[in-house]
Amino acid sequence: MTSNTTLLRWGLYGILILFALFYLLPLFVMLTTSLKSLEEIRTGSLLALPRAITFQPWLEAWSTACAGTQCEGLRPFFWNSVLMAVPAVMISTVVGALNGYVFAQWRFPGANLFFAAILFGCFIPFQVVLMPMARMLGLMGLAGTIPGLIFVHVIYGIGFTTLFFRNYYVTIPQELVRAAKVDGAGFFRIFWSIFLPISLPIITVSVIWQFTQIWNDFLFGVSFSGPGSQPVTVALNNIVNSTTGVKAYNVDMAAAIIAALPTLLVYVVAGKYFIRGLTAGSVKG
């Protein structure tokens, strides 16, 4: 029985290792290709390690690669994404925390129906809201701007952040809120003193989720941005599809890694906290 269990365990480990290698193979190819010269790419194997490592493709991808008619690399578009993602993540997280706090602890007539309506927004496909959102941005004077992109991502993300915080806060005993009210604490005082200090796990979940969704978004970026406000995903698409002459695969691969690096780092550094935050509310419930 013990030997069978050991064989089963090693077999499972072997399968998991194979899946991991299969999953990591595209990243390996991207990384090695980005460190090769064009001559080595043409004459070498796709899976071979670089014979002579060069970082010139990375420098070109960052500062001189052409995205359409603009040959400034990913650098300006990368900072556009930073200026878009950071405020959008912060605003949607704060609004979602307050919404979740209200729906979980400050019940009012029609609260469940209102929450269901917000939750319904999470399942509306991006394509459905393109025309109404474009019209709204035009009326607000935010079309083709970074503030307009921030507004779009905040609106679309509030449903998710509200769901996260509501499901987390609903597990907190209402007796704490009643006791705080008896002591004279108001709405914001209770939130600041009781709920916010214990919200780090779900805040981590909200930040990681929103940052990943916003940074990786292409559809909203290509639909609602304009010259000077395009995010890095749109620039990456333009770099890959606007190359003339010899196809610089090493530059394309370097650009793709640079564009994906922030979200990759977020999951490497904080991925375990994302899982803990998701399971915290469910365990309490």
Side-chain angles (χ1 to χ4, degrees), residues 74 77-105 115 118-124 126 129 133 146-172 187-188 190-221 224-225 229-234 236 257-285:
L74 286 179
F77 306 99
F78 185 93
W79 295 118
N80 284 345
S81 287
V82 172
L83 294 175
M84 171 189 68
V86 173
V89 169
M90 294 175 62
I91 295 171
S92 58
T93 297
V94 170
V95 174
L98 291 173
N99 284 348
Y101 169 54
V102 170
F103 285 121
Q105 300 292 339
F115 176 69
I118 294 179
L119 190 60
F120 179 74
C122 298
F123 303 98
I124 298 178
F126 284 7
V129 302
M133 190 63 74
I146 292 178
L149 290 174
I150 293 173
F151 176 79
V152 170
H153 287 294
V154 168
I155 293 300
Y156 205 87
I158 283 176
F160 292 99
T161 57
T162 299
L163 174 64
F164 295 152
F165 281 96
R166 185 264 179 189
N167 288 349
Y168 188 82
Y169 288 155
V170 77
T171 62
I172 299 175
F187 179 88
F188 288 104
I190 295 174
F191 177 76
W192 184 264
S193 300
I194 298 178
F195 286 82
L196 195 59
I198 61 175
S199 299
L200 182 59
I202 202 63
I203 290 175
T204 303
V205 170
S206 178
V207 168
I208 294 176
W209 173 271
Q210 279 296 92
F211 182 80
T212 303
Q213 297 297 314
I214 294 171
W215 188 275
N216 290 339
D217 171 71
F218 175 78
L219 183 59
F220 286 163
F224 302 131
S225 64
S229 64
Q230 293 176 332
V232 69
T233 50
V234 176
L236 175 62
I257 296 175
I258 292 173
L261 203 55
T263 52
L264 181 63
L265 290 177
V266 165
Y267 272 104
V268 169
V269 173
K272 61 181 180 180
Y273 301 107
F274 183 80
I275 303 299
R276 290 178 185 176
L278 283 178
T279 57
S282 61
V283 171
K284 292 179 182 178

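Predicted, not measured: the structure shown is a model, and the values here were computed from it.
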Q: Would you check, one step at a time, whether the test side chain to side chain contact (heavy atoms under 4.5 Å, CB included) holds for Ile172 with Ile198?
A: CA-CA 10 Å; Ile172 299 175; Ile198 61 175; 3.2 Å; yes
(Q) Let's go through Leu83 and Ile150 carefully: what are the C-alpha distance in whole Å and the side-chain angles of both, what is the deciding distance for side chain to side chain contact (heavy atoms under 4.5 Å, CB included) to 0.1 Å, and is it a yes or a no? (A) CA-CA 9 Å; Leu83 294 175; Ile150 293 173; over 6 Å; no
Q: Starting from the C-alpha separation in whole Å, work towards a yes-or-no answer on side chain to side chain contact (heavy atoms under 4.5 Å, CB included) for Phe115 and Leu163.
A: CA-CA 8 Å; Phe115 176 69; Leu163 174 64; 3.9 Å; yes
Q: Decide yes or no on side chain to side chain contact (heavy atoms under 4.5 Å, CB included) for Ile214 and Met84, but give the supporting numbers first.
A: CA-CA 8 Å; Ile214 294 171; Met84 171 189 68; 3.8 Å; yes
Q: Determine, step by step, whether Trp215 and Phe211 satisfy the ring-ring contact (aromatic ring centres under 6.0 Å, His included) criterion, reporting the C-alpha distance in whole Å, the side-chain angles of both residues, the deciding distance to 0.1 Å, and the verdict.
A: CA-CA 6 Å; Trp215 188 275; Phe211 182 80; 5.6 Å; yes
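Between Gln210 and Gly157, the shortest heavy-atom distance links the atoms NE2-CA, 3.5 Å. Closest heavy-atom contact between Ala259 and Val232: CB-CG2, 4.0 Å. What you find for Gly221 and Leu149 is that their closest heavy atoms are CA-CD2, 4.2 Å. Here the closest non-hydrogen pair linking Thr93 and Val89 is OG1-O, 2.7 Å. Minimum interatomic distance between Phe224 and Val152 (heavy atoms only, all atoms of both residues): CD1-CG2, 3.9 Å. Shown here for Ile258 and Phe78, the closest heavy-atom pair between the two residues is O-CE1, 4.0 Å.
The backbone N or O of Ala260 sits less than 3.5 Å from a side-chain atom of Thr263, completing a donor-acceptor pair. Of the possible polar contacts, none joining the Thr162 side chain to the Gly159 backbone as a donor-acceptor pair under 3.5 Å is found. Between the side chain of Asn80 and the backbone N or O of Pro231 there is no donor-acceptor pair closer than 3.5 Å. Judged by distance alone, with hydrogens and angles left aside, the side-chain atoms of Thr204 form a donor-acceptor pair with the main-chain N or O of Leu200 at under 3.5 Å. Judged purely by atom type and a 3.5 angstrom limit, Thr161 uses its side chain to pair as donor or acceptor with the backbone of Ile158.
Residues satisfying the side chain to side chain contact (heavy atoms under 4.5 Å, CB included) test with Phe126, not counting sequence neighbours, are Tyr156, Asp217, Leu219, Phe220.
Aromatic pair Tyr169/Phe195: centroids less than 6.0 angstrom apart.
Separation of atoms CD1 (Ile257) and CG (Leu236) is listed at 11.0 Å; rounding is to 0.5 Å. Atom CZ in Phe77 sits 9.5 Å away from atom OG in Ser229 (nearest 0.5 Å). Annotation: the span from Ser206 atom OG to Phe165 atom CZ amounts to 4.5 Å, rounded to 0.5 Å. The distance from atom CZ of Phe188 to atom OG of Ser193, rounded to the nearest 0.5 Å, is 13.0 Å. Between the CD1 atom in Ile91 and the NE2 atom in His153 there is a gap of 12.5 Å [rounded to 0.5 Å].
Within the 4.5 Å cutoff, no side-chain heavy atoms of Leu119 are placed close to those of Arg166. The shortest distance between side-chain heavy atoms of Asn167 and Ile202 does not fall below 4.5 Å. In this structure, the side chains of Phe103 and Val170 stay at 4.5 Å or more apart for every pair of heavy atoms. At least one side-chain heavy atom of Ile190 sits less than 4.5 Å from a side-chain heavy atom of Tyr101.
Counting heavy atoms of neighbouring residues, nucleotides and ligands inside a 6.0 Å radius, atom CZ of Phe187 exceeds 12 of them.
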